Amino acid sequence: MALGNHSTITQFLLLGLSADPHIQSVFFVLFLDIYLLTIMGNLTMMLVIRADSHLHTPMYFFLSHLSFLDLCFSSVTVPKMLKDLLSEIKTISARGCLLQGFFVLITAGSEVGLLSVMAYDRYAAICHPLLYGQMMRKQLCVQLVWGSWGLGFLNAFINILLAANLDFCENHTISHYSCEVPSLFPLSCSDVSNNLTVLLCSSLLLGLGTLLPIISSYACIVSTILSISSTSARSKAFSTCSSHLIAVAFFYGSGFVRYLMPTSGSSLELIFSVQYSVVTPMLNPLIYSLKNKEVKAAVRRTLGSVCHFPSGRIKLKDNGESR
């Protein structure tokens, strides 16, 4: 199993988060709890949005896809990390390493695209409320989601295609708990200058290309909110954006630092990776549910429906039709 035409390395050794067995045991319990909360939180968010007709709006359509992305993103790395925390030898095949790196890039790239789309949705809702229905048509919403996935796929495909042609001749130890593309470059005996250039350019283009629309959208949103005379109306308008701003700050902050800083295997590098690939997917459903009255009300209605039908059959209604 060769990574490139002349590669002699068929598998890599992951150093993980710690070599101390006692610390590994603590990490296993901690990250297992985080992963279970991630699964439960994001699945609950998707179910509630799907089940409650009050949430069948563009904003929650995007939020359901964000929950799905967070679930996928966490599942790309955490199960393997949990397995390794219980293993003495933490190895991954060369193809498995590339595959994991591909899915990390595609889910992360799709998520930044979706966060940018959600900022545009808030801009349309607050700055052009009377035109909101026209600006955020169902067909356009679907196209924006697919466009986010397309950006993520293109970014992942280009970088992994270049990484697949690298030669790995001696060093096969990755100072990380997962196979992210930047972690592979120090191990290669090939010239990685083109890979570094492409990764840097693609990260900047994807990152800034999605961050600038967020900044411009919120510049218009803040201007509109400040022009509202009613204090309660300003507070209500801002509350619809605060959850999204927190999610953007968590994801972009750690993701930018991870992919733009030189790979060194330092503890800081691992912390940033854990932040955006493990912790943020768990926090997003909590942020959107705790700070959103509509979501909390929908959760209560959904739970009420479950309690009302003790047989386990849940009767949901959407526009007057039973399902």
Side-chain angles (χ1 to χ4, degrees), residues 1-16 69 72-81 83-84 87 89-113 146-210 254-266 269-270 272-274 276-277:
M1 188 186 301
L3 193 59
N5 292 333
H6 307 288
S7 297
T8 58
I9 299 297
T10 59
Q11 64 180 12
F12 295 103
L13 179 65
L14 298 169
L15 293 184
L69 270 172
C72 293
F73 197 6
S74 183
S75 297
V76 170
T77 56
V78 178
K80 170 63 177 172
M81 179 175 65
K83 176 180 176 296
D84 287 343
S87 306
I89 301 177
K90 306 170 179 59
T91 59
I92 185 171
S93 68
R95 288 183 180 177
C97 190
L98 279 179
L99 192 62
Q100 188 180 58
F102 174 80
F103 283 112
V104 167
L105 285 176
I106 193 174
T107 49
S110 301
E111 183 147 342
V112 294
W146 278 112
S148 299
W149 277 100
L151 285 175
F153 176 82
L154 182 62
N155 178 55
F157 179 77
I158 293 173
N159 283 285
I160 293 299
L161 184 64
L162 291 174
N165 292 318
L166 293 176
D167 294 330
F168 299 88
C169 305
E170 294 181 5
N171 186 11
H172 67 291
T173 302
I174 298 177
S175 301
H176 209 277
Y177 61 86
S178 67
C179 282
E180 296 187 2
V181 173
S183 300
L184 296 176
F185 296 155
L187 309 182
S188 177
C189 50
S190 305
D191 181 11
V192 297
S193 57
N194 289 335
N195 299 73
L196 287 169
T197 301
V198 171
L199 180 64
L200 179 62
C201 291
S202 63
S203 298
L204 285 174
L205 286 174
L206 185 61
L208 294 178
T210 53
S254 54
F256 260 125
V257 174
R258 171 67 182 102
Y259 276 85
L260 297 182
M261 69 184 297
T263 301
S264 61
S266 65
E269 184 180 303
L270 292 174
F272 282 125
S273 292
V274 169
Y276 73 79
S277 66

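As the structure is a computational prediction, the values presented were derived from the model and not from experiment.
With a 4.5 Å cut-off on side-chain heavy atoms, His176 and Leu270 count as touching. Side-chain contact between Asn194 and Leu162 is absent, with no heavy-atom pair separated by less than 4.5 Å.
Taking CG of Leu200 as the reference point, atom CG of Asn195 lies at 12.5 Å (rounded to 0.5 Å). A distance of 11.0 Å separates CZ in Phe185 from OG in Ser190, rounded to the nearest 0.5 Å. Rounding to the nearest 0.5 Å places OG1 of Thr107 at 9.5 Å from CZ of Phe102. For the atom pair CG (Asn165) and CD1 (Ile160), the distance works out to 11.5 Å, reported to the nearest 0.5 Å. Remark: Leu14 CG to His172 NE2 distance equals 10.0 Å, nearest 0.5 Å. Between atom CD1 of residue Ile158 and atom CZ of residue Phe153 there is a gap of 10.0 Å, rounded to the nearest 0.5 Å.
Scored by the salt bridge (charged side-chain N to carboxylate O under 4.0 Å, His left out) test, Lys80 finds Asp84 as partners (sequence neighbours excluded). Considering only residues two or more places apart in sequence or on other chains, Val76 meets the side chain to side chain contact (heavy atoms under 4.5 Å, CB included) condition with Gln100, Phe103, Val104.
Nearest heavy-atom pair, Leu187 versus Ile174, reported as atom, atom and distance to 0.1 Å: CD1-CG1, 3.4 Å. Contact detail for Ser277 and Tyr177: the closest heavy-atom pair is OG-OH, 2.9 Å. Contact record, Ser188 with Asp167: OG-O, 2.9 Å, taken as the closest heavy-atom pair. For Ser74 against Pro79, the heavy-atom pair with the smallest separation is O-CD, 3.7 Å.
Between the side chain of Ser183 and the main chain of Cys179, no donor-acceptor pair closer than 3.5 Å is present. With Ser93 contributing its side chain and Gly96 its backbone, the two residues share a donor-acceptor pair below 3.5 Å. Not a single donor-acceptor pair under 3.5 Å links the side chain of Thr91 to the backbone N or O of Leu13.
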Cys97/Phe168 under side-chain contact (heavy atoms from CB on, under 4.5 Å): CA gap, chis, key distance, verdict: CA-CA 13 Å; Cys97 190; Phe168 299 88; over 6 Å; no
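Sorted by first then second residue, the side-chain hydrogen bond (donor to acceptor under 3.5 Å, both in side chains) pairs that include residues 148-162, not counting sequence neighbours, are Asn155-Asn159, Asn155-Ser202, Asn159-Ser202.
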